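Bear in mind that the values here come from a model prediction, so they are computed numbers and not experimental data.
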Amino acid sequence: PRPLGSNPYAVSPSAPGVYPPCDTPVLPPGATPANNSPVSVSQAPIPTQMPGMAPPTAAHPPLLTGVVSFTAQTPGYTLHTSKGGNRHCDVQISFSSPFYTQPQVFATISGFDGETAHNLRLKVNAHQVTPQGFQLRAETWADSRLDAVTVSWIAFVPGPQIAGCVLELKPQTNLLCVANPAPRSEQVTAALQTPLPCPHPALVCGFKAIDVLNEAPVHAFCARVTPVQYAGGQVTTAFSTEGGTR
């Protein structure tokens with residue numbers, strides 16, 4: 001066993017061997033990141049082997065995951081104000097162990113507390129990504145107000161066993177924008193830049209951005225995103241809603 005705090009990614013990308021799992025989070029809950037922001041940040045590895053994936057190797061390190069909570073106490077947080085216009089808040093994330101190359105970061109909305117008097121608009125994104133970390137951004141615009149936002153993220157190096165893509169519902173073509181209290185569903189398909197050789201990989205999806213109308217008599221938000229299938233290098237996901245949400 002390696003000592004705590006040692007670097008599991010110290011092996012050259014071309015060297016043989018298996019990377020051990022990460023075990024020493026840099027930012028446990030309540031910790032203070034590099035910019036001294038007292039935000040709630042947690043970070044942990046997921047299992048080193050998932051359904052449809054081979055064990056991690058020198059060319060394919062383990063994944064890293066984390067959860068960040070943005071609130072009114074977060075320095076620079078203005079998403080709850082009535083200023084209007086584009087507003088965002090950034091939190092610096094440092095990986096518990098650096099990757100050997102720049103990873104991709106999958107960020108998804110995992111919770112929010114918004115006012116119903118306005119449309120619900122929220123977007124999350126990872127930017128300035130390096131092997132050591134990245135900046136996580138929560139953003140809103142117009143007259144939307146959000147008292148709190150929770151974001152989950154997964155960092156990984158794309159390879160023959162893991163990849164990601166972004167799927168978008170266009171308002172001009174999707175049924176979810178239609179005023180209708182009945183359940184509605186729309187499927188979207190996108191191609192991966194590098195097809196996966198595994199015919200049945202594990203699929204993970206989430207909301208990166210939402211823009212929901214607030215209109216009487218609807219005062220509830222109901223939406224879900226579900227992975228459908230992977231075939232021929234393409235991922236299909238279903239977006240659905242009901243109860244008049246659009």
Side-chain angles (χ1 to χ4, degrees), residues 1-71 73-77 88-111 124-138 148-164 201-208:
R2 63 187 177 86
L4 290 176
S6 62
N7 187 347
Y9 303 103
V11 182
S12 166
S14 60
V18 174
Y19 287 96
C22 306
D23 53 18
T24 311
V26 165
L27 296 173
T32 302
N35 63 357
N36 295 318
S37 303
V39 298
S40 174
V41 180
S42 61
Q43 185 177 157
I46 67 170
T48 55
Q49 187 169 2
M50 297 176 62
M53 294 174 57
T57 64
H60 180 68
L63 311 181
L64 288 176
T65 70
V67 178
V68 178
S69 294
F70 296 83
T71 69
Q73 284 70 48
T74 304
Y77 188 87
H88 69 265
C89 183
D90 292 338
V91 170
Q92 181 65 40
I93 303 297
S94 297
F95 295 134
S96 56
S97 292
F99 288 86
Y100 65 80
T101 187
Q102 179 174 316
Q104 286 187 4
V105 178
F106 167 77
T108 180
I109 302 166
S110 56
V124 298
N125 189 40
H127 61 109
Q128 298 186 13
V129 181
T130 71
Q132 290 74 37
F134 65 97
Q135 281 195 347
L136 184 62
R137 172 171 293 181
V149 177
T150 304
V151 182
S152 299
W153 59 265
I154 303 174
F156 62 92
V157 175
Q161 295 174 327
I162 185 169
L203 300 178
V204 178
C205 59
F207 285 105
K208 181 181 178 68

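Side chain of Thr108 to backbone of Phe207: a donor-acceptor contact under 3.5 angstrom is found.
Closest approach of Ala138 to Val149, counting heavy atoms only: CB-CG1, 4.3 Å. Considering every non-hydrogen atom in both Gln92 and Gly133, the closest pair reads NE2-C, 4.4 Å. Smallest separation of non-hydrogen atoms from Pro131 and Thr101: CG-C, 3.7 Å. The heavy-atom pair separating Pro103 from Val129 by the smallest distance is O-CG1, 3.4 Å. Across all non-hydrogen atoms, the minimal contact from Leu64 to Ser97 is CD1-O, 3.7 Å. Contact record, Leu136 with Phe70: O-CZ, 3.7 Å, taken as the closest heavy-atom pair.
The aromatic rings of Phe134 and Trp153 stand perpendicular to each other, their planes meeting at an angle above 60°, with 30° marking the opposite boundary.
With sequence neighbours left out, Ser110 forms a side-chain hydrogen bond (donor to acceptor under 3.5 Å, both in side chains) with Ser152.
With a 4.5 Å cut-off on side-chain heavy atoms, Val105 and Ile93 do not count as touching.
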task = Let me see the working for Val151 and Val91 under side chain to side chain contact (heavy atoms under 4.5 Å, CB included), right down to the final yes or no.
result = CA-CA 11 Å; Val151 182; Val91 170; over 6 Å; no
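We find the CG-CG distance between Asp90 and Asn125 to be 9.5 Å, quoted to the nearest 0.5 Å. Between His127 atom NE2 and His88 atom NE2 the span is 6.5 Å, to the nearest 0.5 Å.
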